[in-house]
Colleague: 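Sharing a structure here in structure tokens format.
In this text the structure is predicted, and so the values were computed from the model without any measurement. In the text below, chain A, chain B and the rest are named by the order of the sequence lines, each starting its count at 1.
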Amino acid sequence: MSRAPTVRPISLGWMVPVISAAILAVVVTGFGTIAYRAVRGSTLDAAAERLTTVVQVFAQPAAVQPPWIREGEAVARNSDIIDVVRSNGQRVSDSARARVARLTPDTGQTLATDIRDVTGNVLFSITSPIVDSLARGDTNGNAVPKGVRVGVEAGSSAAHSPVRLKRSYPDSVTSSEMYMSGSHVVIERSIPIHDDRRLVGHIAQVRKVAVSQNAIRQLNTLIGKDAQLVIGNRDGSLWSDLSKAVEHPAPSSTPTTYERDGRRWLSATGPIPTGPWLIGVEFPEDIVLARVYALRWRLFWIGVGIVVLAVLVTERLSRRLTMPLLRLTTAAEGIAAGRRATPLIELERTDEIGRLSRAFATMADSIRMSQDTLEMEIGDRTIELQTALTQLREAQGELVRQERLATLGHLSGSIAHELRNPLGVMTNALFYLENVLSEAPQKVRDHLGKLRNQVRLSESIITGLLSVTRAGPPQLSTVSVQQIVDEHLSRVSVPSSIGVERDIPPNLPELLVDPIQIGQILTNLFTNAVQAMEGIDGVLKVRARAVGDRVRIEVADTGPGVRPEDRERIFEPLFTTKARGIGLGLSVSRSLARANSGELNLISAPGKGAVMALELPTALMSNAATAPIVDSTTKTAV
Amino acid sequence: MASSPSPVQRTVLIVDDDRDIVETLCDIFELRGWRTLRAYDGQDAVRLATQNNVDWIVMDVRMPRLSGVEALQAIREKLPNVRVVLMTAFATNDLAARAERAGAARVLYKPFEPSTLFAVIDSAA
């Protein structure tokens, strides 16, 4: 049986979850991306809208005129001030100095306050102490010394004037565009000075760009603490974050995003009506999108969760589908491999798998049954074959034995016959010589006697040979055990060193056998027993017992017994352990016993002498059982 | 031929294809005072038996030209009173029965003691 090569492309159990997970991953990613983009866009739009609103709020003109305009206009109307202009800066009264100084408070906001003529020439100026500190090398412009300090006049030794725009201002309160003065982003504000309604000059202040803390607080309240304000010129030439100049993209009517200081900013700008400026409100994009980012992660984890869940669910589903198939496959492979104990599976399921399992179980059962039947038949046939083989071997052995016996019968018969004539001649010659030489010396007659003995021996050998090899079908008659044993025991010459014990109950049933053939067997057995004890003291025991409806005659000696390896061979023709003899006695005896429906066996243990058991039928047995077995091979042709 | 003739000298015909058998038996018979005739096959036996006055015939069964039994039958046709002992090396019941039917006094199986033969002759006398 050849098995298919174990090629496993992709298991259904894995393919389904993997495919479904992939599909779900694509779908979830798609939807997630769309949702994320939508949320991000709407968030940014909302933020921009809000920034725009904030910008509009900040760009609204103040309802109340700033205090510095009122104060400045008041100072501009002062006659001492006008007198400074009239005298072209030659007459500067203490009063005028004090008024100008008052316009230059020590807040760090106003760098200098000038009185200028209409062309912008500075007639008188007071510089803020902060400029002094800057000149002295104070790097921190905001770290203004505490306490009220009066500004110093321009031209004094310590004074360092901030940069002026040097331009003629119109006859109105005007704010200039922003420009750089040192490291400061500054503007100029001018208030016209009239002398008899004629414009004669301006009070001009150089001010750092600043937004009130109030405005910052408002901004932070409106948008958040990360919000920033920027202010720039309307032409976009300079932008300030209210403490220093900053980079900023060109002004735009719509909110934009740009990168500054390594951060992306969302920015909206709008014009400030009180000057040539733009106000910008900015907010870091990452703060704006923080929630969107959080949403993005949430979406990611939800997606992962969905995919994992899908994998688990579909894997379970497909396992529920493929595991029975796998088990069925394993079972089928088990049956194919010849394993008998195939588990029955999924029989209780009502779906297609269940039907398949039941069909499989039925198939496996029938396979098992036919296998069992086959094995039983093979077993039976094997036993039959073995029995037949054993019988055949026995028959063959018997046949060979009989064949050999028959051949030997022919041969020995021929030899015996050929020897009879010479023996006859010798017998005659001896007879003659004994008669003629009756008066001869004793020595001659001794030799004649030896010759006669040897001739008689030869004759007896030949007679014995002929008798054992020429057995016809048994001529059955009833005979008593005691009688036949006694008769043949008396014919055997037993030396005086051997005792004879007979144990034959008188009430034994009579034998139904050929007395001559059985007598031949008994003679053979007695002779063998005597010969086994030749030269030693021993006992020849003859014992007979009824065994069922048969009689068993045991002939035992106290000789050396039969070696285990010779137990069966002693019944083979030509086998002999004697110095003399041709080894036909027991094989012929067994043949004769069987021809008489009997059996001859050796039953002794080695070292305890030999016990031969001859079992014979009796007259008690039925006719069918006593029918002689005609052994054709023992009928030796003459 | 006999060195010491007896009052009634009897004649025996010994027949066997084995000349030594014939010679030894003749010597024994002569020793006992018998006249002996020798034949080596069945035909000679029949011829000698009819030509001579023979008291006993001791004859082998298996012989060339004419077997002992056939020779016996032939002789008994002409000489119904002659007594015959058959000798054979092959003992079968069948032969004994046939020989007795043909008129043999006895069948002796070789080798046999000559005294047995004389016992047969003496008992028949």
Side-chain angles (χ1 to χ4, degrees), chain A residues 409-440 448-449 451-475 477 514-517 520 634-638, chain B residues 2-4 12 14-34 36 38 40-41 58-64 67-69 85-99 106-121:
Chain A
H410 277 292
L411 185 65
S412 53
S414 306
I415 293 169
H417 287 137
E418 289 305 314
L419 286 175
R420 280 178 172 270
N421 266 332
L423 282 174
V425 173
M426 280 187 245
T427 309
N428 291 347
L430 268 171
F431 186 84
Y432 180 82
L433 287 174
E434 278 169 351
N435 276 276
V436 171
L437 299 175
S438 57
E439 306 297 323
L448 283 175
L451 268 175
R452 176 162 292 280
N453 283 340
Q454 292 305 312
V455 168
R456 276 192 189 139
L457 181 61
S458 302
E459 189 197 342
S460 74
I461 289 171
I462 285 169
T463 305
L465 199 57
L466 281 174
S467 70
V468 298
T469 57
R470 189 175 52 195
Q475 307 292 315
S477 62
D514 184 325
I516 294 170
Q517 293 180 346
Q520 201 176 319
T634 58
K635 283 191 290 183
T636 307
V638 176
Chain B
S3 55
S4 54
V12 61
I14 311 289
V15 191
D16 200 314
D17 57 335
D18 188 329
R19 284 173 183 260
D20 284 343
I21 293 278
V22 175
E23 289 307 317
T24 50
L25 278 178
C26 282
D27 286 350
I28 290 166
F29 271 91
E30 281 166 10
L31 204 61
R32 295 223 168 183
W34 287 63
T36 57
R38 294 167 169 80
Y40 303 109
D41 61 53
V58 178
M59 186 161 58
D60 190 23
V61 172
R62 188 179 282 187
M63 286 184 301
S67 82
V69 177
V85 172
L86 285 178
M87 308 178 288
T88 181
F90 304 91
T92 62
N93 295 338
D94 182 42
L95 175 68
R98 273 200 300 144
R106 186 76 181 268
V107 177
L108 290 176
Y109 298 105
K110 294 178 187 174
F112 55 86
E113 277 296 317
S115 54
T116 313
L117 177 58
F118 285 115
V120 170
I121 290 169

Colleague: Of the backbone (N, CA, C, O) and the side chain (C-beta and beyond), which part of I21(B) lies under 4.5 Å from a heavy atom of chain A, both, or neither?
Modeller: both
Colleague: Can you see which heavy atom on T427(A) is nearest to which on P114(B), and at what distance?
Modeller: CG2-CD, 4.1 Å
Colleague: Under a 4.5 Å heavy-atom cut-off, does chain A meet the side chain of D27(B), its backbone, both or neither?
Modeller: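 Both backbone and side chain of D27(B) come within 4.5 Å of chain A.
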Colleague: How about L419(A): does its CG atom have over 12 heavy atoms from other parts shown lying under 6.0 Å from it?
Modeller: yes
Colleague: With side chains defined as the heavy atoms from C-beta onward, is the minimum distance between R420(A) and M87(B) less than 4.5 Å?
Modeller: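 Not in contact.
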Colleague: Rounded to the nearest 0.5 Å, how far does CG of N428(A) lie from CZ of F112(B)?
Modeller: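 Going from the CZ atom of F112(B) to the CG atom of N428(A) covers 6.0 Å.
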Colleague: Kindly determine whether Y432(A) and L31(B) satisfy side-chain contact (heavy atoms from CB on, under 4.5 Å), including the steps that lead there.
Modeller: CA-CA 8 Å; Y432(A) 180 82; L31(B) 204 61; 4.0 Å; yes
Colleague: Within the 4.5 Å heavy-atom criterion, are K110(B) and N421(A) side-chain neighbours or not?
Modeller: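 In contact.
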Colleague: I need the residue from D20(B), I28(B), D18(B), L117(B) with the largest number of non-hydrogen atom pairs under 4.5 Å to chain A.
Modeller: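 Answer, by heavy-atom pair count under 4.5 Å with chain A: I28(B).
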Colleague: Please classify the contact of R32(B) with chain A as side chain, backbone, both or neither, using a heavy-atom distance under 4.5 Å.
Modeller: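 It is the side chain, since no backbone atom gets that close.
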